[in-house]
Amino acid sequence: MTKTARIAIVWQSATPIDPLLRALAGPWTEVRTCVFGDAVHEGDAIHRFQPRIVVVGLDAPSDEEIGALRLLGRLLPEAALVVTCPSAPPAAGKQLAHRLGAPLVAWPPQTLDLKRAVDTAAGQGAPGDAQALLNLTLGISDEVNNPLQSALGHLRLLEHELAQDDAKRARVEVAIRSLRRIQTTLERTRHLQRAAELPRQMSSVDLGAVLGDLMPGNAFPPTLVAGDRELLTTALRDLGAVGRDLAPDDQPPSFALAHENGHAIVRLRLAASRLADWQLPRTFEPYYLSRLLRGTTHGLKLFGVHHIVTAHGGRARAWRPATGGLVFELILPGADVSQRDDGQAPAAPPAS
């Protein structure tokens, strides 16, 4: 750790800041500090300050503040972020630190504990591409959510006031639908976060029943996996939405479900000329579909499907059958082999 420290303090607590300033003065011979009231409105100023250390003092932060701090962390990848919660209960402090992915410093801070936390934060290293994108999208979603909810509320009031003016009400309804699409995208990022935090012990989920609920009138064999039913439902629903958008009207996509060698395998088959330029290795890359086929709005859907499946110990892939078209395949360990000591997914069987 260098002897000179450039430190940004984001302070949202009624507790006096003096103990923190005294602790910060210990490990470094020269300290330049700047105190900010919040990251939502002062994020640009914090970024311009270019701190090497960011100390966040929060007691009861809003989701918008959490989102702004996450976004700031991605904009300042070299900065060490640490958290302290002067007036919050210990459990709340641990939860906040977990949401921000930062070490927690007990209050009042001790110089040695603070330096150790800074060293830990500085040594965490940059996340992988997928996790970096997830961190970024979660930060943006949290930051956007509050103003989005406010805008929707005002538009609903306006829609009610314009009950007798069909033309104006129609324009308001278009705006509401657009904002709800944004809201759906934000909810999808929350599903990604939940997938990243799946517990090791999960409940038994019947994929056949899930697919039956999503496609009434279709029967699928009972096929059990260990997992989160809501997340798996989201993955299957989003995969189906992509399939329906890609397939021609006269050749709808077809789902199949099988249990092979201890694995549950979901296959979605498509026969569509639009898929000729599809680059298989990029199938689950964020926004690849939106870039490949202009006008689609699927964005994070395939990325989310892959993230949810891998979080359950499985894997997702795409391949071309000899008959043409494309097959999306989700391979999940069956309920009886869902856990592995090394945390890796069991080897998947070859596609049939």
Side-chain angles (χ1 to χ4, degrees), residues 128-134 136-137 140 181-182 184-189 191-192 195-196 207 210-211 214-215 218 220 223 225 231-258 260-261 263-333 345-352:
D129 290 344
Q131 186 60 44
L133 178 79
L134 176 58
L136 180 62
T137 54
I140 293 172
R181 274 181 52 191
I182 297 173
T184 299
T185 298
L186 299 186
E187 282 302 311
R188 187 166 291 113
T189 65
H191 286 314
L192 295 177
L207 291 184
V210 173
L211 285 170
L214 292 173
M215 291 174 282
N218 293 274
F220 298 91
T223 307
V225 298
L231 289 176
L232 290 170
T233 299
T234 297
L236 294 174
R237 182 179 60 239
D238 284 354
L239 182 61
V242 170
R244 287 189 297 275
D245 187 61
L246 293 176
D249 293 338
D250 60 341
Q251 293 179 292
S254 63
F255 265 108
L257 178 61
E260 302 175 8
N261 300 324
H263 295 78
I265 303 179
V266 179
R267 293 190 180 100
L268 177 66
R269 295 179 180 270
L270 300 172
S273 58
R274 304 177 71 188
L275 304 175
D277 296 328
W278 195 286
Q279 298 177 35
L280 293 177
R282 302 185 65 186
T283 294
F284 301 104
E285 176 185 299
Y287 296 102
Y288 173 63
L289 178 55
S290 297
R291 292 191 296 267
L292 177 66
L293 302 175
R294 299 296 179 183
T296 60
T297 59
H298 297 303
L300 293 172
K301 278 197 177 94
L302 290 178
F303 173 74
V305 169
H306 180 269
H307 188 76
I308 290 171
V309 170
T310 55
H312 282 78
R315 65 190 182 100
R317 63 181 180 179
W319 51 279
R320 298 184 192 280
T323 54
L326 197 66
V327 175
F328 293 104
E329 196 166 64
L330 311 183
I331 306 168
L332 289 153
S352 61

Just how far is it from atom [atom1] of [X] to atom [atom2] of [Y], taken to the nearest 0.5 Å?
X      : Y      : atom1 : atom2 : value
Arg269 : Glu329 : CZ    : CD    : 8.0 Å
Phe284 : Leu302 : CZ    : CG    : 6.0 Å
Thr310 : Ile331 : OG1   : CD1   : 12.5 Å
Asp245 : Lys301 : CG    : NZ    : 8.0 Å
Leu332 : Leu232 : CG    : CG    : 6.5 Å
Leu326 : Leu280 : CG    : CG    : 6.0 Å

Hey, is the main chain of [Y] close enough, under 3.5 Å, to the side chain of [X] for a donor-acceptor pair?
X      : Y      : answer
Tyr288 : Gln279 : yes
His306 : Gly304 : no
Asn218 : Met215 : yes

Looking at Leu257, Leu239, Ile265, Ile308, which hits side-chain contact (heavy atoms from CB on, under 4.5 Å) with Leu330?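 When Leu257, Leu239, Ile265, Ile308 are each tested with Leu330, the side-chain contact (heavy atoms from CB on, under 4.5 Å) holds only for Leu239.
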The single option from Leu214, Leu207, Leu211, Val210 passing side-chain contact (heavy atoms from CB on, under 4.5 Å) against Phe220: Leu211
Should [X] and [Y] count as side-chain neighbours, where that means a heavy-atom distance under 4.5 Å?
X      : Y      : result
Trp278 : Arg320 : yes
Pro252 : Arg244 : no
Phe328 : Thr283 : yes

How close do [X] and [Y] get, heavy atom to heavy atom, and via which atoms?
X      : Y      : answer
Leu270 : Gly243 : CD2-O, 3.5 Å
Ala235 : Val305 : O-CG2, 3.4 Å
Thr223 : Ala258 : CG2-O, 4.1 Å
Ala271 : Pro248 : O-CD, 3.2 Å

Between Arg267 and Glu260, does at least one N-O distance fall below 4.0 Å, as a salt bridge requires?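 Counted as a salt bridge, because a side-chain N and a carboxylate O are separated by less than 4.0 Å.
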